[in-house]
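Heavy atoms only: backbone and side chains are in, while hydrogens, waters and symmetry mates are out. Throughout, protein chains are lettered first and strands after them, A, B, ... in sequence-line order, and every chain is numbered starting at 1.
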Protein chains: 2
Amino acid sequence: MIAIGEAKHILGTAGLKATQPRLAVFMELLRSENHPTADQVYENIRQNHPGIARGSVYRILDHLVEAGLAHQVASKQGNKRFDANLGQHNHIYCQKTHDIQDYFNEELNQLVLDFFTKKKIENFTIQEIKVQINGIKTNPLEKVKIV
Amino acid sequence: MIAIGEAKHILGTAGLKATQPRLAVFMELLRSENHPTADQVYENIRQNHPGIARGSVYRILDHLVEAGLAHQVASKQGNKRFDANLGQHNHIYCQKTHDIQDYFNEELNQLVLDFFTKKKIENFTIQEIKVQINGIKTNPLEKVKIV
DNA sequence: CTGCCTGCAAAGGGTTTGCACATTC
DNA sequence: GAATGTGCAAACCCTTTGCAGGCAG
């Protein structure tokens, strides 16, 4: 977890004013592990920050993405989902519950990276490669366990 | 490309009546290579099938997905995009134009598959593994070329 | 103090839905 | 003929936007 002072600093470095609403959204994104939609972020924040406006949350999330402090993650569901974990990682996606869980594995990253240093693609600059593992959780209520 | 009679048969096998609108949508999905949104499918069909209703296209696409005749593809953009190409393949995604192009490579499929037969994930049944190659097209107007 | 940011509320756009009619099997 | 599917249009989100006031730097 990250301290509030640190969060302020990060925002500042990115050229964004460290306002209350922005801090709240940013911290919430960092805290959350389920890659929430804008609306979910809003609902989660609401409890501790009643004054915040839904529209502001949408705007702030867009700003964070634009500033490179957050990413939008791909989903089949057809709504935008956000992620403040910027390190290279992959996603485990439950097609029933629509949960997205991070999957870290350096060996896998390297494997795929190696493949694409050999295999070239023309008219295209690769920025990131993500492995999406789609399937179904046996027990929908529990998290997926990496062995 | 697929013949209309064959398309009818496929729909029938899936338990769907082969109606005019459904055939039109299904054929269009099969024809298209850019993983269109529901709205794009509607616009494309409109020219040859003026009578069709926008709402029907949305409904039909959902039915096709439910019946397993089409897939929804993951996108960062935040809207549903469809694909009738059911074979294992990966996606090249242009973060600027939002184009999605298919990437077929048996070696890559095998590579990733092998990895996950060794590496187990608990509380999760893997159904498909997709490698998403995100980046930017050098020339946005041209397609990406696989070498 | 200046410019950026927010709350509010209205507008926007894509998607879903209820209903009466049409169509397939 | 029965069940399923469609067109139409209204309703329903989720998201974006304009504006006047607020706040950080």
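Side chains of His35(B) and Asp102(B): a donor on one and an acceptor on the other come within 3.5 Å. In this model, a donor atom of one side chain and an acceptor atom of the other lie less than 3.5 Å apart for Asn134(A) and Glu128(B). There is no side-chain donor-acceptor pair under 3.5 Å between Gln40(B) and Asn44(B). Side chain to side chain, Arg46(B) and Tyr42(B) meet the donor-acceptor criterion of an N or O pair below 3.5 Å. Looking only at atom types and distance, the side chain of Asp83(B) has a donor-acceptor partner in the side chain of His89(B) under 3.5 Å away. Asn109(B) and Asn90(B) are linked by a side-chain donor-acceptor pair at a separation below 3.5 angstrom, with hydrogens and angles left out of the test.
Note on Asp39(A) versus Arg54(A): salt bridge recorded, some NZ/NE/NH1/NH2 to OD/OE distance being below 4.0 Å. No salt bridge links Lys137(A) with Glu122(B); every basic N to acidic carboxylate O contact stays at or beyond 4.0 Å.
Here Gly51(A) lies in heavy-atom contact (under 4.0 Å) with sugar-phosphate atoms only.
Following rounding to the nearest Å, Leu11(B) (CG) and dT6(D) (P) show an atom-to-atom distance of 10 Å. Taking atom OH of Tyr42(A) as the reference point, atom P of dG7(C) lies 9 Å away to the nearest angstrom. Going from atom CZ of Phe26(B) over to atom P of dG5(D) covers 15 Å, rounded to whole Å. Whole-Å rounding puts the Arg46(A) CZ to dG7(C) P distance at 12 Å. One can place CD1 of Ile60(B) at 16 Å from P of dT4(D), the figure rounded to the nearest angstrom. Here dC8(D) presents its C1' atom at 14 Å from CD1 of Ile52(B), a figure rounded to the nearest Å. If you take NE2 of His98(B) and P of dG14(C), they are 14 Å apart, rounded to a whole angstrom.
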query: Can you give one letter per nucleotide of nucleotides 14-25 of chain D, going 5' to 3': B for a protein heavy atom under 4.0 Å from the base, S for sugar-phosphate only, - for none?
result: SBB-B-----BS
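Using bins of under 30°, 30° to 60° and over 60° for the plane-to-plane angle, the ring pair Tyr103(B)/Phe115(A) lands in the perpendicular bin.
Applying the 6.0 Å contact sphere to NZ of Lys8(A) captures no more than 12 heavy atoms from other residues, nucleotides or ligands. More than 12 heavy-atom neighbours from other residues, nucleotides or ligands sit within 6.0 angstrom of CD on Gln127(A).
Side-chain N/O atoms of Arg22(A) include one lying less than 4.0 angstrom from OP1 or OP2 on dT6(C).
Axis angle across the helix from dC1(C)-dG25(D) to dC25(C)-dG1(D), with five pairs used at each end and values rounded to 10°: 50°.
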Short heteroatom pairs, N/O only, protein and nucleotides 20-22 of chain C, under 3.5 Å:
none

